[in-house]
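Every heavy atom of this structure was used, including side-chain atoms; hydrogens, water molecules and symmetry mates were not.
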Amino acid sequence: MKKITVVLLITLLVVSFNVLSKDSSVLASSDPIRIDGNDKPKNKQLPDELKELKQFKLELDDSSLESGTYHDGTVHIDFHNSKTFDWQSDISVKYVFVKGGNAGNLYSYNQEDTMGNNLNAPKNNGGQQPDIGHITFYYEEEPVQLFENPIVGDGADPWIVSHTDGYYYYTNTTGNNITLWKSKTITGLQDAESKVVWTPEPGAPNSAHIWAPEIHFVDGKWYIYFAASGGDMEKQRMYVLESATSDPFSDYAYPEGTNLGKITTPSDKWAIDGTILEMDDDYYFAWSGWEGDVNVRQDIYIAPMANPWTISGERVELSRPEYDWEKIGEPHVNEGPQFLKNNEEELFLIYSASGSWTDDYTLGMLRFTGSDPLDPDAWEKNPEPVFEKNPDVGVYGPGHNGFFKSPDGTEDWIIYHAAKFQGSGWDRNVRMQKFTWNGDGTPNFGKPVATGALLEVPSGEQDGSLTPKLPVGHKFEAEDATVNRARIVSNSSASNGAKVGHIDFEDSFIEFDIDLPAGDYTLKIRYANGMGEPSSHNLSVNGNSVGEITYNSYGWDSWYFAEKDINLGQQKNKIRLSKVNSFAELDFIELIPEQPEFKYEAEHAELYKTTVMNTFTASNKQKVNFTSNESELEYRINVEKLGTYNLNLTYSNDTNETSVQKLVINNKEIGEIEFPPTTNSLESVSIPVELEEGVQTIKLSHLAGELALDYLQLTR
């Protein structure tokens with residue numbers, strides 16, 4: 001099975017219309033229904049279904065009749081004039097209401113009958129066509145898609161860039177070639193299409209130790225910068241390849257006039273991790289290098305460029321290790337420079353500090369405060385790291401990063417590698433998470449998020465804002481099972497700090513004692529496989545084989561799920577996994593009933609002036625801290641039946657005072673909820689609430705005390 005990317009419930013109606021294509025299906029809509037008056041909820045002429053749909057309303061006047069994309073790029077409108085328009089969308093629009101004069105036309109749609117032509121408002125009593133006053137798009141909400149780190153199970157030095165063809169192009173260190181991956185979604189990188197775009201000539205000065213490739217689009221061509229040597233790591237230098245066309249998967253060659261694509265300064269010193277900066281129509285090259293010819297220390301340098309393959313001046317040192325957090329491991333290291341700009345075009349250089357083989361590998365930051373990037377005094381170093389290890393959730397050695405925008409351009413993301421577990425050194429995998437910006441314009445990367453925590457995919461990979469619902473399962477640790485001819489191994493990357501490995505023999509097995517009600521379940525097996533090929537176990541329930549479980553190879557100590565539907569025929573059962581082909585390690589299994597209960601994580605709700613906290617004690621390794629009297633959290637939950645429900649909220653309150661929250665449902669104030677102190681544990685409060693059928697908005701607003709909310713559940 002592919003690495004877990006949790007897709008909640010939905011078959012997504014996705015056709016990107018940010019750039020309209022000739023393949024777009026445009027058909028006439030059904031005949032509209034004339035609605036007198038406005039499309040306000042109290043208008044009884046409107047279908048009841050409208051109250052279950054979300055809406056985007058576009059008010060129009062003479063100055064706003066401009067064709068283009070609206071609603072965060074999800075709706076495209078072509079106005080013919082002030083009276084008619086065409087539209088297309090990549091959200092599930094069910095109705096369009098077009099208001100003009102004292103009435104409106106309500107157009108309805110379904111999946112077979114999409115995207116109408118020449119929409120307009122109904123004619124007035126004089127038979128004339130009125131100008132359009134407003135347009136309302138009514139659409140179905142869809143749960144947000146979730147993903148789980150690592151997005152690449154084995155890898156280091158990640159780099160990613162988006163292209164106008166709608167794909168993301170990714171590369172990382174392979175050591176012996178340059179490989180590119182292409183994917184429509186960032187979360188699809190693990191199984192994305194790939195191509196080796198360059199393999200060195202054997203014995204060439206750049207044929208070995210091929211590190212940290214980066215691909216950049218400059219003046220209509222792609223350029224790949226990478227470090228390499230002929231086998232002697234003390235002779236690492238920077239090299240560059242040029243694409244034949246604007247297609248990233250085209251052929252690559254050394255730029256004309258270069259010596260095997262070598263890119264260096266006149267002093268020709270040791271160099272790795274090169275990247276390019278474009279500023280005011282000039283180009284600059286930044287990298288990590290030695291001051292002399294001996295590995296005493298790695299510093300960050302910058303130099304001017306005459307073109308994408310030629311450095312045109314001497315290097316200038318921008319940063320060297322000087323703070324204690326930059327000097328962990330010998331030699332002392334500053335490396336992996338990456339340029340980053342905020343929305344005001346302020347420039348930052350993010351770099352990696354301390355030894356990449358240590359648990360303390362971290363990110364530092366320089367802020368550009370002058371006018372000349374070649375002026376060392378124009379760069380101000382932050383005295384503290386900006387992204388560092390997070391032992392509270394088992395993350396060590398985060399560093400060597402890249403940056404990218406979400407598909408809709410509204411979010412900033414960091415992609416980085418980290419150690420697979422404490423002390424794993426250069427055994428790393430690739431992760432990503434969203435970041436924000438501080439009030440002073442500096443980036444706020446937060447803390448590294450735990451592997452196993454489910455995060456929302458970048459905005460634009462899937463539309464919709466319903467709060468995802470997660471099934472509640474029953475978890476059984478592999479180290480607590482009966483282990484035969486295999487070994488329990490302590491490992492900080494595994495759940496509860498242990499895994500079962502060395503499942504190497506024909507009679508090796510792990511057997512779980514399961515005490516659950518009889519019925520149908522989904523069995524989820526958390527495994528790791530670093531063999532480079534699929535492996536498998538035989539699965540048996542109460543001594544009866546139910547088939548093989550296949551584990552794809554994504555790297556040791558990078559955990560993924562395999563799934564199979566099974567039936568438990570009795571209350572007490574034995575589930576056994578035994579070796580068949582190749583090798584895999586097991587972390588735990590989880591059994592999810594056919595009709596599970598669901599929980600709604602606080603961190604997946606809409607948040608306002610709150611802080612997401614990373615902790616192993618929370619259900620998704622995250623909880624939401626209400627930090628001020630302005631803190632709010634809003635769930636949007638689809639309720640299938642009208643009725644009375646228990647609203648259960650699981651939380652922690654580590655103070656001596658009761659926290660108080662205001663509860664508002666569908667904009668109606670219900671009352672206040674008290675959250676007593678919990679003495680360092682998670683507890684729940686429950687209140688009965690009346691809920692209608694359809695999408696319900698449940699909001700908590702902070703009134704007093706302190707509160708960290710974990711998740712919400714609704715039960716009848």
For the atom pair [atom1] ([X]) and [atom2] ([Y]), what is the distance rounded to the nearest 0.5 Å?
X      : Y      : atom1 : atom2 : value
Leu58  : Ile135 : CG    : CD1   : 5.5 Å
Leu119 : Asp86  : CG    : CG    : 7.5 Å
Leu455 : Asn620 : CG    : CG    : 7.5 Å
Asn118 : Lys83  : CG    : NZ    : 14.0 Å

With a 6.0 Å cut-off (strictly less than), is the heavy-atom count around [atom1] of [X], excluding the residue itself, greater than 12?
X      : atom1 : value
Asp48  : CG    : no
Lys54  : NZ    : yes
Glu706 : CD    : no
Asn124 : CG    : yes
Glu59  : CD    : yes

Side chain to side chain donor-acceptor pair (under 3.5 Å) assessment of Asn648 paired with Ser686: CA-CA 4 Å; Asn648 305 302; Ser686 180; 2.6 Å; yes
Tell me, please, whether [Y] has [X] positioned over its six-membered ring: NZ or CZ under 6.0 Å from the ring centre and within 45 degrees of its axis?
X      : Y      : answer
Lys469 : Phe598 : yes
Lys699 : Tyr635 : no
Lys184 : Tyr167 : yes
Lys524 : Phe561 : yes

Table please: side-chain donor-acceptor pairs of residues 215-222 below 3.5 Å, with sequence neighbours left out.
{"from": "His216", "atom 1": "NE2", "to": "Glu214", "atom 2": "OE1", "distance (Å)": "2.8"}
{"from": "Asp219", "atom 1": "OD1", "to": "Tyr283", "atom 2": "OH", "distance (Å)": "3.4"}
{"from": "Trp222", "atom 1": "NE1", "to": "Ser246", "atom 2": "O", "distance (Å)": "2.7"}

Whether [Y] and [X] form a salt bridge (side-chain N of Lys/Arg under 4.0 Å from carboxylate O of Asp/Glu) is what I want to check.
X      : Y      : answer
Lys641 : Glu693 : no
Asp39  : Lys99  : no
Glu601 : Lys623 : no
Glu411 : Lys434 : yes
Glu49  : Lys51  : no

Residues Tyr169, Phe249; criterion ring pair (Phe, Tyr, Trp, His ring centres under 6.0 Å); working and verdict: CA-CA 9 Å; Tyr169 288 86; Phe249 270 21; 5.7 Å; yes
Parallel, tilted or perpendicular: ring planes of Trp437 versus Phe348, cut at 30 and 60 degrees: tilted
Parallel, tilted or perpendicular, as decided by the 30° and 60° cut-offs, for the rings of Tyr138 and Tyr95: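 Ring orientation, 0 to 90° scale: perpendicular.
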Thr610 versus Ser631, closest heavy-atom pair with distance: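 Heavy atoms of Thr610 and Ser631 come nearest at CG2-CB, 3.8 Å.
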Contact summary for Asp710 and Gln622, nearest pair of heavy atoms: OD1-O, 3.5 Å
Treating [X] as the side-chain partner and [Y] as the backbone partner, does any N or O pair qualify as donor plus acceptor under 3.5 Å?
X      : Y      : value
Ser67  : Phe79  : yes
Asn666 : Lys668 : no
Asn342 : Glu345 : yes
Ser183 : Ile186 : no

Audit row: Tyr416, Phe387, ring pair (Phe, Tyr, Trp, His ring centres under 6.0 Å) steps and yes/no: CA-CA 11 Å; Tyr416 61 98; Phe387 196 61; 5.0 Å; yes
Within the 6.0 Å centroid threshold, strictly below: Trp87 and Tyr109: yes
Proximity of Tyr139 and His71 rings by center, below 6.0 Å: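 Ring-ring flag for Tyr139/His71: true, centres closer than 6.0 Å.
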Partner set under salt bridge (Lys or Arg N to Asp or Glu O under 4.0 Å) for Lys621, not counting sequence neighbours: none
